[in-house]
Amino acid sequence: MSATEFAAAQWTRATGAGVDPHEYRRVTEGLTSVADWGPSFLRCGHTYLRRADDAGSSLSAGEYLLTAARWFHLATLAPYAEAHRAAVEADRALGRALTVLEPGARRVSGEGFTGWLRGPADAPGTVVVVPGLDSAKEEFLDLASALLARGLAVFAMDGPGQGALAATTTFVPDYERVVGRVIDALGVPRVGLVGLSLGGYFAARAAALEARVAAVATVSGPFRLDWQELPPPVRDIMARRAGGADAAHEFVRHVDLAALAPRIAAPLLVVDGDQDVIPGVTNGEHLARLAPGASYLSVPHGDHLLGNARPDWLPHVSDHMAHALR
């Protein structure tokens with residue numbers, strides 16, 4: 001795939017993550033190959049770090065740092081030897097931003113997870129945002145903002161094989177155990193889960209097996225994966241995150257919600273984009289049919305993660321979590 005094709009494929013994902021579309025075009029138009037992606041995005045992130053250092057107010061500094069975190073995370077989307085460094089830079093920039101903008105934000109880490117707890121201490125509910133195959137907590141800042149605006153607390157996390165933990169851990173199929181440890185660490189009696197992409201599988205599985213999950217939403221989440229049908233680039237990413245091709249193949253074998261879906265008692269909203277067609281991936285409509293009390297939102301023009309259709313799903317997911325947790 002050429003750099004132009006790769007940039008086009010990532011367009012709605014990057015703009016959905018909150019980077020300026022004009023700047024995205026300027027950065028990607030200068031790429032001569034996909035190998036240039038990571039270094040170019042890292043350089044852009046460092047530009048925002050310098051802007052933060054020179055900012056005339058703490059608010060401006062914090063906003064620059066959030067933008068830096070987005071660019072650093074996006075640097076990890078292409079194969080890149082220094083992707084682990086970009087993920088660490090994203091994590092560090094987010095932490096610096098929240099320290100400036102939200103002094104009450106709290107870093108919470110444990111076995112197989114790390115992230116930031118944000119929002120009021122007396123919030124009526126806490127939502128855990130679960131990333132997917134190659135996403136991370138820095139990709140879904142606008143989702144966190146929408147949930148915070150509704151008075152909820154938000155824990156945006158990286159789990160095993162994700163974000164800041166990708167270089168030192170690998171995917172686990174029993175993600176409900178990770179969610180259980182997160183709930184214990186947060187010290188709350190129950191949580192809501194929003195899972196995005198493969199995080200949708202993690203969230204649905206946890207909702208079926210962890211009784212303290214009181215609400216759940218999946219966005220572009222798979223109901224089932226078929227290793228033989230998955231495109232080679234997806235299998236390659238899976239192998240890097242799972243610890244090798246054999247481990248990835250074994251992990252994919254577990255990604256099937258047919259038996260677990262009927263056990264999801266919590267209110268569930270399943271969101272799909274009709275343009276999200278990936279070989280080997282069965283989308284979420286089956287989950288919505290099998291889970292009792294589930295509702296289904298299909299966006300005709302939505303692609304994977306629906307970065308091209310944010311008004312069509314983001315308010316619905318945020319309202320669903322607010323209503324269910326209250």
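- When all heavy atoms of L148 and G119 are compared, the pair lying nearest together is CD2-CA, 3.6 Å.
- To the nearest 0.5 Å, atoms CG (L297) and CG (L269) are separated by 6.0 Å.
- Here salt bridge (Lys or Arg N to Asp or Glu O under 4.0 Å) pairs that include residues 154-176, with residues two or more places apart or in two chains, are K137-D158, D174-R177, E176-R205.
- Side-chain contacts under 4.5 Å among hydrophobic residues (ILVMFWY), followed directly or transitively, place L165 with no other residue at all.
- Applying the side-chain hydrogen bond (donor to acceptor under 3.5 Å, both in side chains) criterion to R224, with sequence neighbours excluded, gives D256.
- At a threshold of 4.5 Å between side-chain heavy atoms, the hydrophobic network of Ile, Leu, Val, Met, Phe, Trp and Tyr places L257 and V255 in one connected group.
- A search for ring pair (Phe, Tyr, Trp, His ring centres under 6.0 Å) contacts involving W11 returns Y24, not counting sequence neighbours.
- Donor-acceptor pairing under 3.5 Å is lacking for the side chains of T99 and R96.
- When the ring pair (Phe, Tyr, Trp, His ring centres under 6.0 Å) test is applied to H249, the partners found at least two apart in sequence or on another chain are W227.
- With sequence neighbours left out, the side-chain hydrogen bond (donor to acceptor under 3.5 Å, both in side chains) criterion links E5 to S2.
- Residue pairs satisfying the ring-ring contact (aromatic ring centres under 6.0 Å, His included) criterion with at least one member in residues 103-133, sequence neighbours excluded, are absent.
- Among pairs with a residue in residues 286-321, those fulfilling ring-ring contact (aromatic ring centres under 6.0 Å, His included) read F223-H286, at least two apart in sequence or across chains.
- In the hydrophobic cluster analysis, where Ile, Leu, Val, Met, Phe, Trp and Tyr join through side-chain heavy atoms closer than 4.5 angstrom, F155 is grouped apart from L152.
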Test F41 against H73 for ring pair (Phe, Tyr, Trp, His ring centres under 6.0 Å), laying out the working first. CA-CA 9 Å; F41 278 58; H73 164 64; over 10 Å; no
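- Under the rule for a ring pair (Phe, Tyr, Trp, His ring centres under 6.0 Å), the partners of Y175 that lie at least two apart in sequence or sit in another chain are F202.
- The CG atom of L198 lies 8.0 Å from the OG atom of S135; values are rounded to the nearest 0.5 Å.
- Scanning for ring pair (Phe, Tyr, Trp, His ring centres under 6.0 Å) contacts around F171 gives F251, with sequence neighbours left out.
- When hydrophobic residues (I, L, V, M, F, W, Y) are linked wherever their side-chain heavy atoms come within less than 4.5 Å, V88 remains an isolated member.
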Cut-off 3.5 Å, no hydrogens considered: what does the side-chain donor-acceptor table look like for residues 79-87, sequence neighbours left out?
| unit_1 | atom_1 | unit_2 | atom_2 | d |
| --- | --- | --- | --- | --- |
| E82 | OE1 | R85 | NE | 3.4 |
| H84 | ND1 | A81 | O | 3.4 |

